[in-house]
Amino acid sequence: MEENKKQQLSLDLKPEVARGSYSNLAVITHSRSEFIVDFATVLPGLPKPEISNRIIMTPEHAKRLLNALQDNIIKYENNFGIIDIEMPRRDGGAPQGGGTFDLGSFGPFGGPAKN
């Protein structure tokens, strides 16, 4: 019976992390052994997005994150309604649905990323 209980996980949340950071752009790359997610913010008047956080994880953890996000989005939409992700078309036509977009539609960001 004890084996069926969910394992409790105690997390330490430092105040500087608890504040969080806003991101409206995620750039995802991968190799055979890692997924890298760079979080940035695109705002009017700023010359280019600045990466505020980089998360590196194994492919297995990336898939677990995908499943957890999917589960939470389903719960969110059941409570608050469908999340509309239509993106404007570059040619000015009617918006199109989709989960990704072309970074080129944002214009140049000032050259290659700096590490």
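Numbering starts at 1 and runs along the sequence shown. Predicted, not measured: the structure shown is a model, and the values here were computed from it.
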Donor-acceptor under 3.5 Å (Asp71 side chain, Asn67 main chain): no
Excluding sequence neighbours, so at least two apart, what forms ring-ring contact (aromatic ring centres under 6.0 Å, His included) with Tyr22? none
Ile28, Ile55: one ILVMFWY side-chain cluster at the under-4.5 Å cut-off? yes
Quick check on the hydrophobic clustering: are Tyr76 and Leu69 connected, directly or via other members, by side-chain heavy-atom contacts under 4.5 Å? no
For Asn53 and Ser23, which I'm curious about, is there any donor-acceptor pair between the side chains at under 3.5 Å? no
For residues Arg54 and Ile36, determine if any side-chain heavy atom of one lies less than 4.5 Å from a side-chain heavy atom of the other. yes
Is any side-chain heavy atom of Glu34 less than 4.5 Å from a side-chain heavy atom of Thr58? no
Flag if over 12 foreign heavy atoms under 6.0 Å of CD, Glu50: no
Locate the shortest heavy-atom distance separating Pro59 from Ser33; write the atom from each residue and the value. CD-O, 3.2 Å
dist Asp38:CG -> Ile56:CD1 (nearest 0.5 Å) comes out at 8.5 Å
Test side-chain contact (heavy atoms from CB on, under 4.5 Å) applied to Ile73 and Ile83, Asn78, Ile82, the passing residue: Ile83
Those residues that, when tested against His30, pass ring-ring contact (aromatic ring centres under 6.0 Å, His included) (two or more places apart): Phe35
Does the side chain of Ile51 reach to within under 4.5 Å of the side chain of Phe39, using non-hydrogen atoms? no
Between Asn24 and Thr41 the two heavy atoms that sit nearest each other are OD1-CA, 3.3 Å
Cluster overlap Phe80 with Ile85, hydrophobic side-chain contacts below 4.5 Å: yes
